[in-house]
Structures are given as C-alpha cells and as structure tokens.
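Encoded as structure tokens, the structure appears first; notes follow it.
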There are 2 protein chains.
Amino acid sequence: MSFASVESTAKHAVARQNNVKPVVIKSSDVAPVYKDPNSFSAPAKLLSASCESCALYSLCLPISVNKNAFGKLDTIIQRRKPVKQGSHLFRHGDAFHALYVVRTGCLKTYTISPDGQNQITGFYTPGEVLGLDGLNSSYHTNYAKTLENTSICKIPFTELEKLSREIPSLQRHLFGLMAREIEVDQKLIMLINNRSADQRIAAFLLNISDRFKNRRLSGSSFRLPMSRGDIANYLGLAVETVSRVFSKLQTRKILTAENKEVTILDLVALGNLSNNMQ
Amino acid sequence: MSFASVESTAKHAVARQNNVKPVVIKSSDVAPVYKDPNSFSAPAKLLSASCESCALYSLCLPISVNKNAFGKLDTIIQRRKPVKQGSHLFRHGDAFHALYVVRTGCLKTYTISPDGQNQITGFYTPGEVLGLDGLNSSYHTNYAKTLENTSICKIPFTELEKLSREIPSLQRHLFGLMAREIEVDQKLIMLINNRSADQRIAAFLLNISDRFKNRRLSGSSFRLPMSRGDIANYLGLAVETVSRVFSKLQTRKILTAENKEVTILDLVALGNLSNNMQ
DNA sequence: CGGATTTTTGATCTGCTTCAAATGGCGTGG
DNA sequence: CCACGCCATTTGAAGCAGATCAAAAATCCG
C-alpha cells in the first residue's frame, strides 16, 4: 500500500543489481499532501497563527529577520500543512516552488538512481528545512516522504527570494542553510568512507540524540522515527548489520532498544565508540 | 616537504585508528597563496583584463549577469592569482571572505576529522567555484590544496553578496551553485553506498571525462590531476584497489593508463560498467 | 644520480554482506 | 476484539569483495 520502502543494497549487492525492479508509482500512492480530506488533523490548540508563538521559533528561518521586516515573512508562510505518514511532500521531478519547515513529525529525502537503487539523503525533524534541492534546476531532485504523521510550514520560494534581497540577514541565513546541508553531507561521506559499522551507528544515534536535545527534549530517551532499514540505507550498511549492532550495544549495556524506543544508558561509551564524529 | 598526503583508511582500518598521528602543520607548509614571490608565474599573454575575454566565461559566475550590471562584478574580481602546486588556498578555520574560481590547474578540498582522518570532499577543475563551505559559520570547514600549479580568480564575498541583492539572476546563480554542490555530494553518497569498486572508478572517470569535455577538451584522452591515493580516498577505497581496477580496465581494453595519462578506449563499456551513474 | 614517494602486484585476512529462517509487531477486516 | 497476513526485526551460517600486509617496480624531484 505504501511506497515500496527503501531497500539497502550495499557493498556486495553487485550480483543483485541486474534484477532490481523498476520503480512503479502506484496510483494508491499519490501523495495527498495538501487539501486532502484524509489527512490526519492536528489538534486545534496546537495551531499557531504566527511564527512568533511557535515553539520552534528559535530553530527556524524567521529568526534571522528583525521585528520590522518580520511581518512580510509572516504573511507568506503557509502554516501547519498536515501530511499523512508514508506520503510524499514532493517527488523527483516536481516543480520547485517552496521550502518546507518541519513542525512535527519526520521526513526522509531520497534519490533513485537510473538503475532503480534508492539512497536516503537525509532525515528532517522539527525545526529543520527541506526542499533546498531543486534550487539548481527548478525541479526537485529528491523525493521527500513522511515517516510519521507530519505537519509542515510551506514557504513559497519566489517570495522568500524577493524578501531575502530586501533583508540581508535573511539572505545570509539562506546561504547558511545550504552550506549546512553541504556540511552534513560531507560528514556523512567521512562517516561512510572511514568508519566501521559500529562507529557509524554510534555517530548516527548521537546525532539523533543531539537533535532531540536541541528541541528541549530528552537526548537520552527517544523514539526513532525511522526504521532499521532506513538507517541501514542511510549509513551504507545491510539491515542485518544494523540489527546486529543494536543487539551488541544492548548486551554491552550502552543502550536499550525496544523496537523504535531507544534509551542511551552510557553516553560516554557511545561517544568513544563513535570516535566523536557525529 | 609537502603536506602529509591524504591516506585512505577505509573499511577495515578500525584496528589502525587508535595510532593515527595527530595532524601537525609544518612551518614549511604554510600556504603562500597570495603575494608570494615564490609562486610560479603564469605567461603574461594568458592574463585577461576582463571576464569577457576569458575562455571560461561561459562556465563561470558572471554568466548570470547582464551586460549592464556586469561592470560592477568585473571590478571586484581579482584575477589570476597563481598558487603553487601543493600549497593551500585556504585551510579549515580560516576566515571566510571570498569564493574562488579555478582558471587553470586543479584543487582538492578535504576535511580532517577529530581523530585525524582525512577525507577528500571534492576536486575542482577550471570554471568551477570553491569556497562555498564557510558560508555557514564565517570560517572555512575544508582545506583547499592545489594538485598542480593553479591560477584562480578571487571574488570577495561581501561585495558579491551585496551585488547579488541588486541582481536577482546573480542571487539565483549563487543558490544554484550551492544546490549543485549538494547534488554532487549526494551522488557521491549514492556511489559509495551502492556501488562496487569497479563501478565507482568507472563513474569517477566518466565524471572527469565529462568535465574535460565541458571545457572543450578531449573527453577521451586526458591527464588525471590527482593521484591514485586521492581517488581512493575520495571513493572510499584502498589505493591498492584503485590500482588493481585500473589494471583490470586496461587488460579489458577499456582504457589505457600510463601513470596519470588516461585514454578511454571504450566509452560504452565504461558507461555500462558504471551503471550510468556519473 | 639517489632518496622518497607513488604505483603496482601478490598473498592473506576479515568485516560485512548475503542467504536463510524464525520471531515479533501492527494494521486490517471480519 | 480477535485472527490473519504482511512487513520489520532478529539471529545464525557461510561466502566474498575489498582491506591489509608485504615487497618490488616505477616515477618524481631536488
């Protein structure tokens, strides 16, 4: 029913590559995204009329804008669009016309290579901006799919671009967002090229933990939004390897993991394992 | 004498990671970069007073600027700074205040992790822009080191930023540059996570070939600017593996490689091998 | 020319993948 | 609310691509 989930086909999958199934978009999988009556509805009390009253304010885009100019930005942002779990916010090839800020929930972005291989390129949690791909060629190069019921703010790019010409700090903030995306990708390359499976997963968990902490949530006990398969794909490992490492970390009393609920018991040990990479 | 060259320490290097030497910056290695009398001097006839007369014009930044606004950009660009082979254009931690366009030669950018591991993050050939890291935190996160005697144009960012507010197409061009950088990184992640050594190297060679072609040079016969070790590090392989794949490709008559001179004999075969990834 | 570095080739080793199968969770429909 | 079936996760066993170790050969560069 949902989009064929990303399958990890890492290192020794060469033999399998010739019979990769072509990607078929099923009609039942068309993303509802906006205006879909089937979208889950968020509790009304969580709705906020303005960015200023948003809990994510300090993490989000408008922070770069002074009070005076803020009004303009405020008017162009479309708030709290609900997107059901497992549907697409945008797809490869979709026309690019907005950036998105996650408010609640989580998304993954991924690409599909000419021969049908999936590669997750990022996970996006509340306060984070996605959609920056597409800024090159006017259409998105990634797919963006929700991992949970998710709500997002949509910022039309034409307006944002215009506004960023009037507000230098906003322009700089946009540049900074993209530079950060580059940094994240480069760290991932470093991780994959130079680290063992244990280290990759330790670094990944610490990264997720930090992101929870930034949202003033517990960094030691949280629910992973993504499946083991997604983690495997992202880190360039086989699902089985990810599962085994999770098991090993548990027997070593470094963490507990019941399904997606993770509790880090020994942050120091986890940090040592990751070689302080994050 | 030169900076300790990047060593590839991939997959099974775990045991070795504890005795990695700390990175020591030797005084003899301080980059001359600008105003250094020891810099090699380019033939005077190659100097061009304006971007318009530059052979790379169509690849470079100013293409996004119309004739009228062009004059302003023209005045802020510092042209044809020579940088000697093996020296640094910038280093991790250096203050960020300019973007650089390669005119001749080649550079690599790389990062060093807390535990001393090197990771090449990109190669830059004529017409390509580097320095976009650093746009986030006002200092560079990467090192940039020349692989050959190289000349570059320097574009002070403060001025460029100001100008890009006046010229929408320039602003969009800058966004596009960064988005392209992201795309390149994501393709590399896909390559490393899902491809065999043969495929990675095939894709790499095709990519280099394309970049020569874009410069109106032969895409089938060229001189690789980087060492086998650099290729290995970039692609997450051991030097020995890279060497072996090069040998294999030669016995299969797909290419010839005498040291750094490469001639692609069978482009189709190489493309098939790479799974059309590039 | 001579030391240092890079590249190549061979032999061996191993971490992770692949294959296989059991178990557990979860959503759906009756 | 329970039974069913599907998918995700786990665990075991075996195989392999590529890493590591070793050493010769080629190239570079002062």
Side-chain angles (χ1 to χ4, degrees), chain A residues 1-17 19 28 84-86 147-149 192-201 223-233 235-251 257-262, chain B residues 1-17 19 28 38 40 84-86 147-149 192-201 223-233 235-251 257-262:
Chain A
M1 183 198 136
S2 71
F3 192 82
S5 83
V6 172
E7 45 185 297
S8 150
T9 48
K11 302 296 130 43
H12 305 157
V14 187
R16 193 198 268 187
Q17 281 178 20
N19 37 336
S28 64
K84 249 192 177 170
Q85 174 175 34
L147 299 172
E148 316 172 333
N149 284 345
I192 293 167
N193 270 353
N194 301 301
R195 295 294 190 265
S196 70
D198 290 1
Q199 294 175 313
R200 290 184 219 184
I201 287 169
R223 181 185 175 79
L224 287 173
M226 69 291 289
S227 68
R228 302 283 191 274
D230 283 341
I231 297 173
N233 180 283
L235 298 176
L237 299 167
V239 198
E240 295 94 326
T241 304
V242 173
S243 178
R244 269 183 259 269
V245 173
F246 268 81
S247 299
K248 195 202 291 182
L249 293 176
Q250 287 187 88
T251 58
E258 301 193 18
N259 204 11
K260 292 187 173 171
E261 289 302 333
V262 171
Chain B
M1 180 199 139
S2 71
F3 192 83
S5 84
V6 171
E7 44 184 298
S8 149
T9 47
K11 302 294 131 43
H12 304 158
V14 186
R16 193 196 267 186
Q17 282 176 20
N19 35 337
S28 65
N38 293 324
F40 79 103
K84 249 192 178 169
Q85 174 175 33
L147 299 173
E148 318 171 331
N149 283 345
I192 293 165
N193 270 353
N194 301 301
R195 296 293 191 266
S196 69
D198 290 0
Q199 293 175 314
R200 290 184 218 182
I201 287 169
R223 181 184 175 79
L224 286 174
M226 69 291 291
S227 70
R228 302 283 190 273
D230 283 341
I231 297 173
N233 180 284
L235 297 176
L237 298 168
V239 200
E240 295 93 327
T241 303
V242 173
S243 179
R244 268 184 260 269
V245 173
F246 269 80
S247 299
K248 196 202 291 183
L249 292 176
Q250 287 185 90
T251 58
E258 300 194 18
N259 205 11
K260 292 186 171 172
E261 289 301 335
V262 171

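Every chain is numbered from 1 and lettered A, B, ... according to where its sequence line falls, protein lines coming before strand lines.
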Query - Between D:dA19 (P) and B:Asp198 (CG): distance, integer Å - result: 12 Å
Report task. Taking the side chain as every heavy atom from C-beta outward, state whether A:Ile201 and A:Val242 have any pair of such atoms under 4.5 Å apart. Result -> yes
Query raised in the report: Are A:Ser247 and D:dT11 close enough that a side-chain N or O sits under 4.0 Å from OP1 or OP2?
Result: yes
Query raised in the report: More 5' along DNA chain D: A:Lys260 or A:Arg244, using each one's nearest nucleotide?
Result: A:Lys260
Report task. Using a cut-off of strictly less than 4.0 Å, decide whether B:Asn259 has a side-chain nitrogen or oxygen near OP1 or OP2 of C:dT8. Result -> no
Query raised in the report: Distance-only, no hydrogens or angles: does the B:Gln250 side chain make a donor-acceptor pair with backbone N or O of B:Ala257 under 3.5 Å?
Result: yes
Report task. Take the protein atom CD of A:Glu240 and the nucleotide atom C1' of C:dA20, then report the distance between them rounded to whole Å. Result -> 10 Å
Query raised in the report: Do you know which two heavy atoms are closest between A:Pro225 and A:Lys260, and how far apart they sit?
Result: O-NZ, 4.1 Å
Query raised in the report: Rounding to a whole Å, what distance do you find between B:Glu258:CD and C:dT8:P?
Result: 11 Å
Query - For A:Ala197, side chain to side chain contact (heavy atoms under 4.5 Å, CB included) partners two or more places apart - result: A:Leu237, A:Thr241, A:Val245
Query - Rounded distance in Å - CD1 (A:Ile201) to P (D:dT9) - result: 13 Å
Query raised in the report: Under the 3.5 angstrom rule, does the side chain of A:Arg200 hit a backbone N or O of A:Arg195 as a donor-acceptor pair?
Result: yes
Query raised in the report: Quick one: does A:Arg228's side chain have a donor or acceptor within less than 3.5 Å of a partner on A:Glu240's backbone?
Result: no
Query raised in the report: At what angle, to 10 degrees, do the two end axes of the helix from C:dC1-D:dG30 to C:dG30-D:dC1 meet, given five pairs define each axis?
Result: 60°
Query raised in the report: Under 4.0 angstrom, heavy atoms only, what part of the nucleic acid is A:Ser243 near: base, sugar-phosphate, or nothing?
Result: base
Report summary line: Rounded to whole Å, the CE-C1' distance (A:Met226 to D:dT9) equals 16 Å
Query raised in the report: A:Thr241 side chain: which of C:dT17, D:dA19, D:dT10 is closest?
Result: C:dT17
Query - B:Glu148 CD - D:dC28 C1' separation (whole Å) - result: 15 Å
Query raised in the report: Could you state the CG-P distance from B:Leu224 to D:dC28, rounded to the nearest angstrom?
Result: 13 Å
Query raised in the report: Among D:dT10, C:dT6, D:dA8, which nucleotide sits nearest the side chain of A:Arg228?
Result: D:dT10
**Report entry** Rounded interatomic separation in angstrom, taking CG from B:Leu235 and C1' from D:dA19
**Finding:** 15 Å
Requested in this report: Using atom types as modelled and distance alone, determine if a side-chain donor or acceptor of B:Glu261 lies under 3.5 Å from a backbone N or O of B:Glu258.
Outcome: no
